[in-house]
Protein chains: 2
Amino acid sequence: MSRTPPGQTRERVYRYVCERLAAGLPPTMREVQSAIGFKSVQSAREHMEKLVEEGRLAKHEGKSRGYYLPGQGAGQRSTTLVPLLGSVRAGNLTEAIEDHSGYVPMQPRRAGEYFALLVEGDSMIKAGIMEGDLVLVRKQERAVTGDVVVALVNDEATVKTLKLRGQRIELHPANTRYKPIVPDPDTCRILGKVVEVRRHLEAPKRTKRR
Amino acid sequence: MSRTPPGQTRERVYRYVCERLAAGLPPTMREVQSAIGFKSVQSAREHMEKLVEEGRLAKHEGKSRGYYLPGQGAGQRSTTLVPLLGSVRAGNLTEAIEDHSGYVPMQPRRAGEYFALLVEGDSMIKAGIMEGDLVLVRKQERAVTGDVVVALVNDEATVKTLKLRGQRIELHPANTRYKPIVPDPDTCRILGKVVEVRRHLEAPKRTKRR
DNA sequence: TTGCATTCCACACAAAAGTATGGCATCCTG
DNA sequence: CAGGATGCCATACTTTTGTGTGGAATGCAA
């Protein structure tokens, strides 16, 4: 029977398992067996057990699809899929909640409900938030001065830096070409706080036609 | 037997399943049963089947832990956990690969191997890349003019915009306070192309002492 | 009243999935 | 040479997990 140099198949197994873990469905032993091309499920199992011994994988004993990455379980923050609701400036965000256009993976640092929006315009350029960036927003109706928030002003969403002057809300741009917005309190509502900004420097690859 | 108003338990089931999906380990029927508090596994199953009928969940027939979110399967890009290797300017990146300090979830737009780095300095401020930002990098040794790359110059990693003049490599900052780097070709190596920039606007929450 | 839909329970069975035991071959070290 | 480690195969057994069938109770519409 043919056999590979020590450690080589181990790496292939590890890579395959990591891919599956990242995809959200850990593999069974028999799936590892198939993926690597073993004739016997026991071959897969021995590699997996060794990976656990080495501390590179951990597992729930006796549970199906029970392997996981060590740092991912106990201390590591878990990944959440956040709905991408559309773009700032798009229409009614309440409706967009029902028809989100995909998910964005994130690891929340705080408990809460999150949504993602695409940024339009350059009003926050000095804060390093550019046209086309993605903002991840935690839903909350209050924030403090200095927070970057998504606010609804006259039913139009906008990303700005919040300044509270007493009870008065000011929405400050980070671009000298724009003036602060001082909305009528009845027409302004904070939707949430921007907790993360993401920028893709590469366009999506063209997918094949289906 | 006590029973809830129509739809109420369904939502609880859905929420639980979504949490589990986001955490990376879909639940078994018996786990759904336990989580909701049913006495019978069949109760869990019927809710799950209904969620599939409604199009809110999908499943791999007959497979353990086989449920998934519909848009997440076929067309949706799968999530990959990318190792965070440390910060640009830190020591030897080759060693850092063995001792990465966590994972960052991303949905790659192209096939390849990825790693993440923390940015130090403000040399790319005009490109909206700030101190403390996280760059997600696809490993590649070649890039084209205009790409933002991670390069190793005299064993020091740096994030810059690449400019190729013939065979000569120039590494351009996006900040007028810095000059382009024109490294000796023997001392410069491209490690990869920056494909995504992320900024956290919120510090990690303090975790309880263990 | 009957039929249907919804929300639940109980139990048995089938298949998937984890685990155990035996075996072979190669290489290296004591 | 023997023993141990590593990389594999083969098979059987055990447990987990999915599925099927039967049942009960409630509410609503025909």
Side-chain angles (χ1 to χ4, degrees), chain A residues 1-21 23-70 73, chain B residues 1-21 23-70 73:
Chain A
M1 78 190 66
S2 64
R3 88 176 217 175
T4 59
Q8 192 177 105
T9 306
R10 181 75 44 72
E11 290 309 309
R12 284 179 64 211
V13 170
Y14 186 65
R15 190 177 303 258
Y16 173 70
V17 173
C18 286
E19 284 170 8
R20 290 292 303 266
L21 289 172
L25 185 63
T28 65
M29 290 294 178
R30 286 162 176 89
E31 280 168 359
V32 174
Q33 176 192 351
S34 298
I36 304 294
F38 294 129
K39 296 263 179 58
S40 161
V41 60
Q42 182 63 12
S43 308
R45 180 157 131 83
E46 272 160 19
H47 282 287
M48 301 287 275
E49 296 281 350
K50 277 290 198 253
L51 285 166
V52 170
E53 277 176 36
E54 291 165 13
R56 293 165 79 189
L57 284 182
K59 73 162 176 170
H60 301 295
E61 197 80 43
K63 292 285 187 183
S64 72
R65 303 181 190 271
Y67 287 81
Y68 58 96
L69 288 172
Chain B
M1 78 192 65
S2 65
R3 84 177 220 175
T4 61
Q8 191 178 104
T9 307
R10 181 73 45 72
E11 290 309 308
R12 285 180 63 211
V13 169
Y14 187 65
R15 191 177 301 262
Y16 173 71
V17 173
C18 286
E19 283 171 9
R20 289 292 304 266
L21 289 171
L25 184 64
T28 65
M29 290 296 178
R30 286 163 176 87
E31 280 167 0
V32 174
Q33 177 193 350
S34 298
I36 304 295
F38 295 129
K39 294 264 178 59
S40 164
V41 59
Q42 183 64 13
S43 307
R45 181 157 124 83
E46 272 160 20
H47 282 285
M48 301 286 276
E49 296 280 352
K50 277 291 196 250
L51 284 166
V52 171
E53 277 177 37
E54 291 167 14
R56 295 165 77 187
L57 284 182
K59 71 162 178 172
H60 301 296
E61 199 80 40
K63 293 282 186 182
S64 72
R65 302 180 191 273
Y67 287 82
Y68 58 95
L69 288 173

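The basis for the numbers below is simple: all heavy atoms, side chains too, and nothing from hydrogens, waters or symmetry mates. For clarity, every value in this text was computed on a predicted model and none was experimentally measured. Residue numbers begin at 1 in each chain, while the letters A, B, ... track the order of the sequences.
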Given atom CD of B:Glu53 and atom C1' of C:dT6, what is their separation to the nearest angstrom?
12 Å

Check: A:Leu51 and A:Tyr67 side chains under 4.5 Å, non-hydrogen atoms
no

Would you mind telling me which residue lines up with the more 5' stretch of DNA chain C, B:Ser64 or A:Arg45, judged by nearest nucleotide?
B:Ser64

Interatomic distance, B:Met48 CE vs D:dG18 P [rounded to whole Å]
8 Å

Among the nucleotides D:dG7, C:dT6, D:dT19, which one has an atom lying closest to any side-chain atom of B:Lys59?
D:dT19

In whole angstrom, what separates A:His60's NE2 from D:dT15's C1'?
17 Å

Which residues in residues 25-44 of chain B have at least one heavy atom lying under 4.0 Å from any atom of DNA chain D?
B:Thr28, B:Met29, B:Arg30, B:Val41, B:Gln42

Lys/Arg-Asp/Glu bridge criterion (N-O < 4.0 Å) met for B:Glu61, B:Lys59:
yes

Counting only side-chain nitrogens and oxygens, does A:Lys50 get under 4.0 Å of the OP1 or OP2 atom of D:dA5?
no

Side-chain donor/acceptor of A:Arg65 to backbone N/O of B:Ser64, under 3.5 Å
yes

Nearest-Å distance, CG (A:Leu51) to C1' (D:dT6)?
14 Å

Using atom OH of B:Tyr67 as one end and atom P of D:dG18 as the other, report the distance to the nearest whole Å.
8 Å

Looking only at heavy atoms, what is the nearest atom pair of B:Gln33 and B:Ala44, with distance?
N-CB, 3.8 Å

Starting at the 5' end of DNA chain D and moving along, which residue's nearest nucleotide shows up first, A:Arg65 or B:Glu46?
A:Arg65

Separation of C:dA15 atom P from B:Glu61 atom CD, nearest Å, is 14 Å

Steps toward ring-ring contact (aromatic ring centres under 6.0 Å, His included) verdict (A:Tyr68, A:His60):
CA-CA 8 Å; A:Tyr68 58 96; A:His60 301 295; 4.8 Å; yes

Hydrogens and angles aside, do B:Arg12 and B:Tyr16 bring a side-chain donor and acceptor to less than 3.5 Å of each other?
no

Distance test, side-chain N/O of B:His47 to OP1/OP2 of C:dT6, below 4.0 Å:
no

Test side-chain contact (heavy atoms from CB on, under 4.5 Å) applied to B:Arg10 and B:Arg15, B:Lys50, B:Met48, the passing residue:
B:Lys50

Between C1' of D:dC8 and CD of A:Glu49, the distance in whole Å
16 Å

Taking CZ from B:Arg10 and P from C:dA5, how many angstroms apart are they, rounded to a whole number?
14 Å

